[in-house]
Amino acid sequence: MCKQPKHEQTAKTDWLDSLRHEARMLVRELDATAGVRRLFEGRIRQDDYAYYLIQTYQYVRWSEGFFTGSGERTKREGQSPALADLLFQKAREEKGHEQWLLRDLKELGWTQERVERAPICPAVRAYVEWNRFTTQSGVPTAFLGTAYVLEYLSVNRAPDSVDRLIADSGIPNIHKAVLFLRGHGAADGDHVAELESVLRTLTSPEEQAALLLSARTTRALFPKFFREP
């Protein structure tokens, strides 16, 4: 099995605090990114919103499979049963979320065929291939680091973004084109708490480092999923 790089941690450091730090910094950096801030503030243009939904579709479509594959490897390699169960649970939670995105895009005039033909940005390609690596060849539980920061982001920004988009964007049919954001904002609060509860039992320094590395990788790539205004 290919190993991911290890990161030094002091004995006094709560590794979950480091994971929370990555999530908080992702939110802060997105707030400072003009193209993302326009979404959060409900001022995004229709074509830029469609671009965001398309790029999101191109990575969300893989999430269920990554969770399932990671869970199967974790179970097969005799690692933590609790983490394997969590990965399978996350796979069930992700089922059908790409359909939310297709339904949102349909309200904006995009057919599925048109969505499938749209270019995929380099950051999304890198995100997919990184998580494919961890799922297939790296530390299989690493995808939980990716999940943590994205669910933290949803909790802290999705609900208000939905309200502001509907109130201020002026995009036709926007109240019918926020299914993905609304769904994640509503559910991910409980998901973050559940993740922390299980991850608190993770004692392997190698796995802790792998989750943190995936969180940092997501933090580096995610701002580039948006088109600058």
Side-chain angles (χ1 to χ4, degrees), residues 7 9 13-33 35-42 52-53 55-57 59-60 62-64 66-67 70-71 82-83 86-87 89-95 97-98 100-101 123-124 126-128 130-131 134-135 139 141-165 178-202 207-226:
H7 292 264
Q9 286 182 280
T13 299
D14 179 349
W15 81 276
L16 270 179
D17 283 343
S18 298
L19 188 61
R20 294 186 194 103
H21 172 75
E22 295 301 324
R24 288 193 296 268
M25 288 303 297
L26 173 61
V27 173
R28 183 179 301 178
E29 289 162 8
L30 291 174
D31 285 344
T33 303
V36 190
R37 190 168 61 247
R38 290 173 69 89
L39 171 65
F40 293 164
E41 294 175 350
Y52 155 72
L53 293 177
Q55 300 307 317
T56 302
Y57 168 77
Y59 76 83
V60 167
W62 299 102
S63 296
E64 181 187 355
F66 287 161
F67 278 123
S70 295
L83 288 177
L86 178 60
L87 286 159
Q89 175 187 326
K90 303 304 292 181
R92 292 190 296 270
E93 290 170 359
E94 286 296 310
K95 189 175 182 63
H97 288 194
E98 74 280 3
W100 291 353
L101 289 152
V124 168
Y127 168 97
V128 170
W130 167 255
N131 288 296
T134 63
T135 296
V139 176
T141 50
F143 195 45
L144 292 170
T146 296
Y148 182 88
V149 295
L150 292 183
E151 291 185 350
Y152 182 95
L153 171 64
S154 292
V155 170
N156 284 275
R157 288 295 178 270
D160 286 346
S161 297
V162 169
D163 292 342
R164 290 168 181 165
L165 281 167
V178 289
L179 186 60
F180 179 80
L181 287 173
R182 195 190 298 279
H184 274 264
D188 284 348
D190 291 340
H191 293 173
V192 169
E194 290 169 2
L195 267 172
E196 287 201 6
S197 177
V198 179
L199 292 180
R200 196 168 285 114
T201 68
L202 180 57
E207 287 188 281
Q208 291 173 358
L211 265 75
L212 286 170
L213 181 57
S214 277
R216 292 185 185 114
T217 301
T218 303
R219 173 184 158 194
L221 294 172
F222 197 85
K224 302 300 184 181
F225 292 4
F226 295 77

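Atoms considered below: every heavy atom in the structure, side chains included; atoms not considered: hydrogens, waters and symmetry mates. No experiment lies behind these values; they were computed from the predicted model shown. The residues of the chain are indexed from 1 along the displayed sequence.
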Inset, instruction - Please test Thr56 against Phe180 for side chain to side chain contact (heavy atoms under 4.5 Å, CB included), starting from the C-alpha separation and ending with a verdict. - result: CA-CA 10 Å; Thr56 302; Phe180 179 80; 3.7 Å; yes
Legend entry - side chain to side chain contact (heavy atoms under 4.5 Å, CB included) evaluation trace for Glu151 with Glu194: CA-CA 11 Å; Glu151 291 185 350; Glu194 290 169 2; over 6 Å; no
Legend entry - Residues Glu196, Tyr148; criterion side chain to side chain contact (heavy atoms under 4.5 Å, CB included); working and verdict: CA-CA 8 Å; Glu196 287 201 6; Tyr148 182 88; 2.5 Å; yes
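In this structure, Val60 and Trp100 have side chains that are not in contact, with every pair of non-hydrogen atoms separated by 4.5 Å or more. At a threshold of 4.5 Å between non-hydrogen side-chain atoms, the residues Leu199 and Leu83 count as touching. Within the 4.5 Å cutoff, no side-chain heavy atoms of Thr217 are placed close to those of Tyr127. Contact annotation: the side chain of Arg92 never approaches that of Lys95 to less than 4.5 Å [non-hydrogen atoms, C-beta and beyond]. Contact of the Thr134 side chain with the Thr141 side chain is not registered, since no non-hydrogen atoms from C-beta on lie closer than 4.5 Å. Side-chain atoms of Leu213 and Trp130, non-hydrogen and from C-beta on, do get closer than 4.5 Å to each other. A 4.5 Å side-chain heavy-atom check between Leu211 and Trp15 finds at least one atom pair inside the cut-off.
Nearest heavy atoms, Pro223 versus Thr33: CB-OG1, 4.2 Å. In plain terms, the two heavy atoms of Glu64 and Ala91 that are nearest each other are CG-O, 3.5 Å. Between His97 and Glu93 the shortest heavy-atom distance is NE2-O, 2.7 Å. When all heavy atoms are compared, the tightest approach of Ala142 to Ala210 is CB-O, 3.8 Å. In terms of heavy atoms, Leu19 sits closest to Leu212 at N-CD2, 3.4 Å. For Ala123 against Lys224, the heavy-atom pair with the smallest separation is CB-CB, 3.4 Å.
Residues that satisfy the side-chain contact (heavy atoms from CB on, under 4.5 Å) test with Leu153, not counting sequence neighbours, are Leu26, Val27, Leu30, Phe40, Arg157, Phe222.
To the nearest 0.5 Å, the span separating OG1 on Thr135 from CZ on Phe143 amounts to 6.0 Å.
The closest donor-acceptor contact from the side chain of Ser70 to the backbone of Phe67 lies at 3.5 Å or more, if one exists at all.
Of the listed residues (Arg24, Arg20, Glu22), just one forms a side-chain contact (heavy atoms from CB on, under 4.5 Å) with Tyr152, and that residue is Arg24. With Glu29 as the fixed residue, the salt bridge (Lys or Arg N to Asp or Glu O under 4.0 Å) test singles out one of Arg37, Arg216, Arg219: Arg219. With Tyr52 as the partner, the ring-ring contact (aromatic ring centres under 6.0 Å, His included) test is satisfied by one option alone out of Tyr57, Phe226, Phe225, Tyr59: Phe226.
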